[in-house]
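Notes to accompany the following structure.
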Amino acid sequence: MFIKITADANEATIHEAETLTAFEIRATDGNVSQAATAIGNGAYVADDQHIWVPINWILNNVGEQVTQEWKLGFLEMVDYAKTKDWVNEEETHLQAHIEVVS
């Protein structure tokens, strides 16, 4: 799964939600502040290459793909992320790396 940041439209959209073995942000530049602003809903900068993305935002933006089976898979992904410290202390946000794409 990845979040695509469209900087000129200040928009963030989720793609490939069925892929629960990867999670990243793809943007045309590495501006973490701009990406966090595009996601909104409490997203915030972790460091110069990572953003904390609200888990509820993800659940609210995956569209029709949110089936019970998908939710179980997503929760397994979050549980795995916890073992890597990719979930914040409050367990409300999932950390995503920004990949710069053209």
Side-chain angles (χ1 to χ4, degrees):
M1 171 180 356
F2 69 91
I3 298 171
K4 179 181 178 184
I5 303 296
T6 307
D8 57 344
N10 196 36
E11 180 179 72
T13 52
I14 294 178
H15 299 268
E16 299 179 15
E18 69 281 1
T19 304
L20 296 173
T21 55
F23 181 64
E24 66 187 23
I25 295 170
R26 296 180 186 174
T28 53
D29 64 34
N31 187 327
V32 290
S33 295
Q34 184 179 45
T37 298
I39 295 168
N41 298 284
Y44 61 97
V45 174
D47 58 38
D48 63 348
Q49 296 182 344
H50 299 90
I51 293 175
W52 289 107
V53 179
I55 293 170
N56 282 338
W57 181 86
I58 297 166
L59 292 171
N60 291 331
N61 285 278
V62 292
E64 310 88 44
Q65 296 188 30
V66 180
T67 62
Q68 190 61 28
E69 182 180 340
W70 184 90
K71 282 183 186 178
L72 290 173
F74 179 73
L75 292 175
E76 288 176 9
M77 183 180 92
V78 171
D79 284 343
Y80 175 77
K82 288 177 188 177
T83 70
K84 301 293 185 181
D85 292 326
W86 297 334
V87 176
N88 67 346
E89 286 183 25
E90 297 82 11
E91 298 187 358
T92 57
H93 290 66
L94 190 59
Q95 190 177 89
H97 178 80
I98 293 185
E99 290 291 326
V100 179
V101 295
S102 53

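All values reported here derive from a predicted model rather than from experimental measurement. Numbering starts at 1 and runs along the sequence shown. In what follows, every heavy atom counts, from backbone to side chain, and hydrogens, waters and symmetry copies are set aside.
Summarising the geometry of Val45 relative to Asp47, their closest heavy-atom pair is CG1-O, 3.3 Å, with the distance given to 0.1 Å. The two atoms that bring Gln95 and Ala46 nearest to each other are NE2-CB, 3.8 Å, heavy atoms only. Smallest separation of non-hydrogen atoms from Ala96 and Val53: CB-CG2, 4.1 Å. Closest heavy-atom contact between Ala36 and Ala43: O-CB, 3.7 Å. Across all non-hydrogen atoms, the minimal contact from Gly42 to His93 is O-NE2, 2.9 Å. Among all heavy-atom pairs drawn from Gly40 and Pro54, the shortest one is O-CG, 4.1 Å.
Note: His15 and Phe2 have parallel aromatic rings, judged against thresholds of 30 and 60 degrees for the angle between ring planes.
For the atom pair CD of Glu24 and OG1 of Thr19, the computed distance is 10.5 Å after rounding to the nearest 0.5 Å. Here the CZ-OG1 distance, from Arg26 to Thr13, works out to 11.0 Å after rounding to the nearest 0.5 Å. Note that the OH atom of Tyr44 and the CD1 atom of Ile51 stand 11.5 Å from one another [nearest 0.5 Å]. A distance of 5.5 Å separates CD1 in Ile55 from CZ in Phe74, rounded to the nearest 0.5 Å. Taken to the nearest 0.5 Å, the CD1 atom of Ile98 stands 7.5 Å off from the CG atom of Asn31.
If you chain together hydrophobic residues whose side chains sit under 4.5 Å apart, Val87 and Phe23 fall into the same group. Residues Ile25 and Val100 do not share a hydrophobic cluster, clusters being chains of Ile/Leu/Val/Met/Phe/Trp/Tyr side chains in contact below 4.5 Å. Under a hydrophobic-cluster definition in which Ile, Leu, Val, Met, Phe, Trp and Tyr are linked whenever side-chain heavy atoms come within less than 4.5 Å, directly or via other members, Ile58 and Leu72 are assigned to different clusters.
The number of heavy-atom neighbours closer than 6.0 Å to CD of Glu89, taken from other residues, nucleotides and ligands shown, is 12 or below.
In terms of the side-chain hydrogen bond (donor to acceptor under 3.5 Å, both in side chains) criterion, residue partners of His97 (sequence neighbours excluded) are, by chain and number, His50, Glu99. For Glu76, there are no side-chain contact (heavy atoms from CB on, under 4.5 Å) partners, not counting sequence neighbours.
Residues Tyr80 and Met77 are not in side-chain contact: their nearest non-hydrogen atoms beyond the backbone lie 4.5 Å or more apart. Contact annotation: the side chain of Leu20 approaches that of Met1 to within less than 4.5 Å [non-hydrogen atoms, C-beta and beyond]. Taking 4.5 Å as the limit, every side-chain heavy atom of Glu69 sits out of range of all side-chain heavy atoms of Lys71. Using a 4.5 Å heavy-atom cutoff, the side chains of Trp57 and Ile14 are in contact.
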Do any side-chain atoms of residues 3-10 form donor-acceptor pairs under 3.5 angstrom with protein atoms, and if so which ones, sequence neighbours left out?
none

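In this structure a side-chain-to-backbone donor-acceptor pair under 3.5 Å is missing from Trp70 to Val62. With hydrogens and angles ignored, the 3.5 Å screen pairs a side-chain donor or acceptor of Asn41 with a backbone N or O of Ile39.
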